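Atoms within each ligand, like the ligands themselves, are counted from 1 in listed order. As a basis for the values below, the full set of heavy atoms in this structure was taken, side chains included, without hydrogen atoms, waters or symmetry mates. The first residue in the sequence is number 1, and the count goes up from there. Nothing here was measured: the structure is a model prediction, and the numbers come from that model.
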Amino acid sequence: MPVTEINFDGIIGPSHNYAGLSPGNMASANNAGASSHPRAAALQGIEKMRSNLRLGLAQGFFMPLDRPNQKWLAELATDMISAEPHIRAAAFSASAMWAANAATVSPAADTKDGRCHLSVANLITMAHRSHEWRGTVAQLKLAFADEAYFAVHDAVPPPYGDEGAANHMRLCTGHDASGLEIFVYGKSGGPFPARQHIESSKAIARAHQLSPDRVLFVQQAEEAIAAGAFHNDVVAVANEHVLFTHELAFEKPEETYAAIRDAMPEAEIVVVPANRASLADAIQSYLFNAQLVTLPGGAGMALTLPMEAKENDAVWGWLSEMVAGNGPIRKLVPVNVRESMANGGGPACLRLRVVCDPATVDPRFIADEAKLDKIAEVIAAHWPEEIAVDQIGDAALITQVQTARTALLDICALGELV
Ligand code: SUG
């Protein structure tokens with residue numbers, strides 16, 4: 001099969017909960033203390049994958065990580081019984097579901113050695129995410145084990161924060177053509193942390209052997225981070241030659257657009273003006289946290305976006321005008337990922353894009369309807385129906401969460417991912 005884009009979704013783990021662990025992420029803060037519904041959450045994620053399969057797209061998935069992370073707790077000289085509540089919640093988090101933060105990916109067409117490079121993200125800014133990367137890299141090394149086609153890199157060392165593909169965009173004339181890779185970093189976010197450091201982005205560009213004239217480093221607007229865009233993919237998304245962005249996404253938008261057009265004259269930049277959808281609208285509705293995908297058969301591009309975008313009149317009004325016009329985005333596909341959204345994770349957060357030949361990937365990570373049926377059965381049978389935050393640490397819940405993940409690994413023949 002030729003090179004194509006595969007979306008790998010993080011299967012939403014059985015410990016999914018709302019502990020309010022991410023300052024600067026409005027949804028996480030607003031829903032802190034609410035009860036979560038892990039079973040419904042994971043099934044929503046499966047339905048999103050099915051929706052993409054129905055569009056004719058290639059789909060993969062990643063397993064949830066082992067939670068609570070007892071190794072991390074042991075490194076902190078504690079355990080689930082004696083740890084303070086915030087450490088306990090950090091160890092129990094299902095945050096690896098947001099696969100856009102798993103790694104930064106440079107397809108083979110962009111790299112000097114002609115392999116697809118993946119750098120796992122260190123996620124050091126948030127305690128609950130800082131211990132994801134070892135589990136994630138183990139999984140990437142399995143899924144993309146064939147070193148003739150892939151190079152999987154460890155995380156950039158501290159103190160430089162890296163949040164993976166959520167702050168990385170690629171523009172190209174076709175997925176298999178060489179691309180312009182845009183690394184978006186933050187300097188400051190007002191009251192909130194800027195999670196992506198430019199030094200991580202530069203290190204990744206070097207590790208991936210990208211040609212310096214095919215790379216841009218662009219600063220995310222401080223105003224956007226301060227408004228709740230803790231990752232660039234909350235305010236901008238790219239696919240092939242199209243950049244779909246909010247007017248206030250970048251610190252210097254005009255310079256950014258000019259640099260893009262200079263490096264790639266075919267680029268088409270679709271800007272949503274702030275007077276049609278404010279930053280607050282963008283962050284509440286997550287219209288940019290959409291999967292901007294190329295439909296097969298020359299049908300143009302589609303946006304797989306959250307239902308919340310449809311429910312916001314200003315946002316939906318603008319989007320409806322856009323698809324009715326002559327632009328490259330022809331179709332809107334709203335999906336229900338409300339459980340993830342309530343923690344600040346939209347459709348695009350839940351997936352990692354990897355451009356490669358699907359035949360070179362370990363087939364255990366590739367989805368089809370029959371496999372999703374089996375996974376959905378395991379979720380329905382084992383995932384907790386509800387988790388109240390004060391249950392985190394409960395011995396029976398911990399056992400249920402561990403048993404649930406083991407059942408999923410078994411059905412997917414991925415038992416070696418302990
Ligand atoms: O890192 N939420 C995640 C959401 C990540 C979204 N990803 C992208 N934009 N690509 C985060 O803030 C919430 C955890 C909690 O509050 O329990 C959380 O980690």
Side-chain angles (χ1 to χ4, degrees), residues 7-10 12-13 15-38 41 45 62 64-65 67-68 85-105 121-133 136 161-169 184 186 189 192-196 220 224-225 227-238 246 249 282-283 285-292 305-306 337 339-353 387-392:
N7 284 280
F8 288 85
D9 278 40
I12 296 173
S15 67
H16 159 64
N17 70 83
Y18 301 124
L21 301 176
S22 279
N25 170 340
M26 300 306 174
S28 157
N30 292 340
N31 292 303
S35 286
S36 64
H37 301 90
F62 295 131
L65 300 183
R67 293 292 175 266
H86 68 284
I87 299 288
R88 219 186 267 158
F92 199 61
S93 176
S95 52
M97 71 174 81
W98 297 298
N101 306 118
T104 304
V105 185
N122 63 28
L123 295 166
I124 55 174
T125 309
M126 297 290 149
H128 67 289
R129 307 213 61 179
S130 67
H131 58 93
E132 277 175 40
W133 79 267
T136 299
D162 173 30
E163 303 264 329
N167 295 309
H168 175 256
M169 301 183 291
V184 184
F192 301 131
R195 298 197 202 181
Q196 183 74 35
Q220 191 183 359
I225 301 175
F230 54 95
H231 290 136
N232 173 65
D233 69 1
V234 175
V235 279
V237 59
H246 192 272
I283 286 152
S285 70
Y286 261 42
L287 82 147
F288 296 100
N289 200 263
Q291 293 185 244
L292 179 58
L305 34 62
V337 287
E339 283 280 325
S340 169
M341 281 287 287
N343 247 340
C349 299
L350 286 164
R351 64 91 172 91
L352 183 69
R353 294 184 277 189
I387 297 182
V389 170
D390 61 8
Q391 277 178 281
I392 296 172

Peer 1: Please determine if Asp233 has a nitrogen or oxygen closer than 3.5 Å to a nitrogen or oxygen of ligand 1.
Peer 2: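 Yes.
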Peer 1: Flag Ser28 as yes when one of its N or O atoms lies below 3.5 Å from any N or O atom of ligand 1, and as no otherwise.
Peer 2: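 So ligand 1 has an N or O lying under 3.5 Å from an N or O of Ser28.
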Peer 1: With a 4.0 Å cut-off on heavy atoms, is Arg129 in contact with ligand 1?
Peer 2: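 Yes, that is the case, since the closest heavy atom of the residue is under 4.0 Å from the ligand.
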Peer 1: Among Met97, Arg195, Met341, Met126, which one has a heavy atom closest to atom 1 (O) of ligand 1?
Peer 2: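 Answer by nearest heavy atom: Arg195.
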Peer 1: Over 60° means perpendicular and under 30° means parallel, so tell me whether Phe288 and His246 are parallel, tilted or perpendicular.
Peer 2: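 Rings of Phe288 and His246: perpendicular, over 60°.
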Peer 1: Can you name the one residue among Leu123, Leu65, Asn101, Leu352 that meets side chain to side chain contact (heavy atoms under 4.5 Å, CB included) with Thr136?
Peer 2: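 Between Thr136 and the candidates, side chain to side chain contact (heavy atoms under 4.5 Å, CB included) is satisfied uniquely by Leu65.
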Peer 1: Under 4.0 Å from ligand 1, counting heavy atoms only, is it the side chain of Glu163, its backbone, both or neither?
Peer 2: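 Answer for Glu163: neither.
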Peer 1: Within the structure, does Tyr18 bring an N/O atom to less than 3.5 angstrom of an N/O atom in ligand 1?
Peer 2: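 N/O-N/O distance under 3.5 Å: no.
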Peer 1: I need the nearest protein heavy-atom contact for atom 2 (N) of ligand 1: residue, atom name and distance, please.
Peer 2: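 In this structure, atom 2 (N) of ligand 1 has Asn343 O, 3.0 Å as its nearest protein heavy atom.
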Peer 1: Do any nitrogen or oxygen atoms of Gly20 come within less than 3.5 Å of a nitrogen or oxygen of ligand 1?
Peer 2: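 Looking only at distances, the answer is yes, because the N/O contact criterion of under 3.5 Å is met.
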Peer 1: Within the structure, does His231 bring an N/O atom to less than 3.5 angstrom of an N/O atom in ligand 1?
Peer 2: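 Right, the criterion is met.
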Peer 1: Can you list the steps and then say if Gln220 with Gln196 is a side chain to side chain contact (heavy atoms under 4.5 Å, CB included)?
Peer 2: CA-CA 9 Å; Gln220 191 183 359; Gln196 183 74 35; over 6 Å; no
